[in-house]
There are 2 protein chains.
Amino acid sequence: MQDRLARVRADVQAELDRATGTLPDGDLSRAMRYAVQGGKRLRASLVMESARLHGVPDDAALPVAAAVEALHAYSLVHDDLPSMDDDDLRRGQPTVHVRWTEATAILAGDALQALAFELLADARIGTAEARLRLVAALAQASGARGMVWGQALDIAAETAGTPLDLEAITRLQGGKTGALIRFAATAGPLIAGDDPAAMDRYADALGLAFQIADDILDVTGSEAATGKRVGKDAGAGKATFVSLLGLPGAQAEARRLAEVADGALRDYGAAAGNLRALSRFVIERDT
Amino acid sequence: MQDRLARVRADVQAELDRATGTLPDGDLSRAMRYAVQGGKRLRASLVMESARLHGVPDDAALPVAAAVEALHAYSLVHDDLPSMDDDDLRRGQPTVHVRWTEATAILAGDALQALAFELLADARIGTAEARLRLVAALAQASGARGMVWGQALDIAAETAGTPLDLEAITRLQGGKTGALIRFAATAGPLIAGDDPAAMDRYADALGLAFQIADDILDVTGSEAATGKRVGKDAGAGKATFVSLLGLPGAQAEARRLAEVADGALRDYGAAAGNLRALSRFVIERDT
């Protein structure tokens with residue numbers, strides 16, 4: 001599995017380098033290339049494994065994996081902005097607006113979003129119908145009903161200063177991080193034209209487990225390992241899964257959700273081994 | 001032609017209202033609906049006329065017209081941000097970050113971009129191949145080789161404080177405003193699967209004429225008519241087509257380009273009457 005993850009990381013980086021390598025030179029393209037470096041590539045790995053499980057060749061899935069990472073990178077660049085989460089460290093490096101300017105960070109994020117949709121139009125992926133299903137799914141997952149909606153709720157809650165309850169945080173994270181994870185996990189059935197229901201259930205549990213693990217790492221993790229500031233949420237008095245469930249309670253819930261995720265894969269049998277390894281990785285990671 | 005423009009305005013507004021009307025309530029969806037109100041709807045009109053000229057029914061073209069206006073609205077919301085052009089007035093109303101916050105303006109722009117691609121996936125438009133051609137074309141037109149690239153050049157020139165020459169401004173505007181106008185004007189052939197070469201030539205000339213007219217209005221126009229601040233570029237010592245060509249020179253060049261645009265439509269004959277009227281509208285408008 002570690003080999004497979006390393007291979008996906010190298011392949012998706014090469015694909016992103018190819019997609020951004022011939023852009024006109026300048027701060028914009030440099031900031032875009034900078035923003036798509038590094039990261040765990042969890043979403044790309046979900047795309048690749050989901051594709052493999054549905055008989056989609058790696059070459060066909062790769063532009064989709066690159067697209068979801070470009071989309072994710074745009075969301076990080078914008079979320080890190082001073083008027084949003086105001087973060088100065090990401091993936092162990094200065095954030096884009098610190099390294100360049102706010103204007104460049106906004107524009108690089110905007111262009112990375114466009115790049116994500118450009119990548120989904122790539123003929124290597126498959127039929128026009130398959131690519132169009134991906135376009136529609138990514139637009140919905142990333143927009144005002146999904147990722148951006150979750151981020152807007154998060155900002156609103158922080159501004160209001162009233163900590164959210166468990167139900168509200170679960171809904172919020174279902175948008176903010178869950179929607180894109182669901183897109184990645186259902187990419188295989190979407191390309192193949194298969195029923196995405198089982199992958200949907202897997203992704204819903206995995207996405208929440210991922211966010212709980214993130215909240216745990218904000219308390220127990222190090223900046224060296226995570227590459228971003230830790231202890232920020234607790235410092236800001238922000239409600240998280242850890243503040244609401246306690247550390248042992250959050251750890252138990254993440255493990256339970258990883259089991260729910262694995263359970264959703266039952267009908268796939270042994271073929272889903274890599275996706276089961278991914279759910280273990282999600283809750284055991286220190287990064 | 002005025003009737004046709006008014007009809008397009010009403011239809012595209014209804015389509016945008018429909019697309020944003022069922023979003024979860026909150027600042028995000030309110031800001032999105034606010035941002036897609038009003039405007040000349042030049043790009044939507046280009047889509048509708050280009051479609052009609054290529055035998056594409058109005059109903060099929062309407063989601064594309066709404067998509068290009070959603071994309072355009074996102075670009076205005078982001079360009080108006082304090083770290084970009086820092087504008088407080090747009091379409092006669094406070095800009096989104098003034099009415100709400102910077103965070104809401106960034107997120108509303110982000111979600112409007114996603115909405116544009118969601119609209120292009122609409123089955124009413126036509127075959128999956130046709131919709132995919134539009135997705136690829138809009139992603140390229142709006143990204144790091146097109147619109148966002150032009151805006152980045154504009155910001156860089158302003159930061160550097162060295163006014164651009166005519167060739168540089170022409171290239172910059174070819175990205176900043178030209179690329180999206182080209183997308184709109186070629187939407188008809190893209191949907192129909194026709195050769196877009198003539199519409200491409202029409203759009204290149206029209207886009208530049210449009211920008212020159214914009215620079216002229218920044219000098220001769222009123223805030224009441226344009227709905228935005230005027231005299232900003234001259235005040236900032238920014239190079240524009242007017243500062244480089246003089247007012248009469250810029251007016252002559254806009255008229256010349258409108259004729260070039262009309263010339264590109266020659267083979268369409270009388271059927272292109274509305275597109276010829278649009279090029280006159282572009283250079284004669286006071287708004």
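Not measured: the values here are computed from a predicted model.
Note: A:H78 and B:H78 have perpendicular aromatic rings, judged against thresholds of 30 and 60 degrees for the angle between ring planes.
Of all the heavy atoms in B:A121 and A:A136, the pair that sits closest is CB-CB, 3.9 Å. Listed here is the closest heavy atom pair of B:W149 and A:P24: NE1-CB, 3.4 Å. Of all heavy-atom pairs between A:I155 and B:A103, the closest is CG2-CB, 4.1 Å. In terms of heavy-atom proximity, A:Q113 sits nearest to B:D110 at NE2-O, 3.3 Å. The heavy-atom pair separating B:A114 from A:S142 by the smallest distance is CB-OG, 3.8 Å. For B:L107 against A:A152, the heavy-atom pair with the smallest separation is CD1-CA, 3.7 Å.
Counting heavy-atom pairs closer than 4.5 Å to chain B, the top-ranked of the candidates A:R145, A:E129, A:E102 is A:R145. When each of B:A108, B:A144, B:P82 is checked for heavy-atom pairs under 4.5 Å with chain A, B:A144 comes out on top. Heavy-atom pairs under 4.5 Å with chain A were tallied for B:R133, B:R131, B:H97; the largest tally goes to B:R131.
Using a 4.5 Å cut-off between heavy atoms, A:L81 contacts chain B through its side chain alone, with no backbone atom that close. With a 4.5 Å cut-off on non-hydrogen atoms, B:L28 touches chain A through its side chain but not through its backbone. A:T22 touches chain B through backbone and side chain together, each having a heavy atom under 4.5 Å away. At a 4.5 Å heavy-atom cutoff, B:M147 makes no contact with chain A through either its backbone or its side chain.
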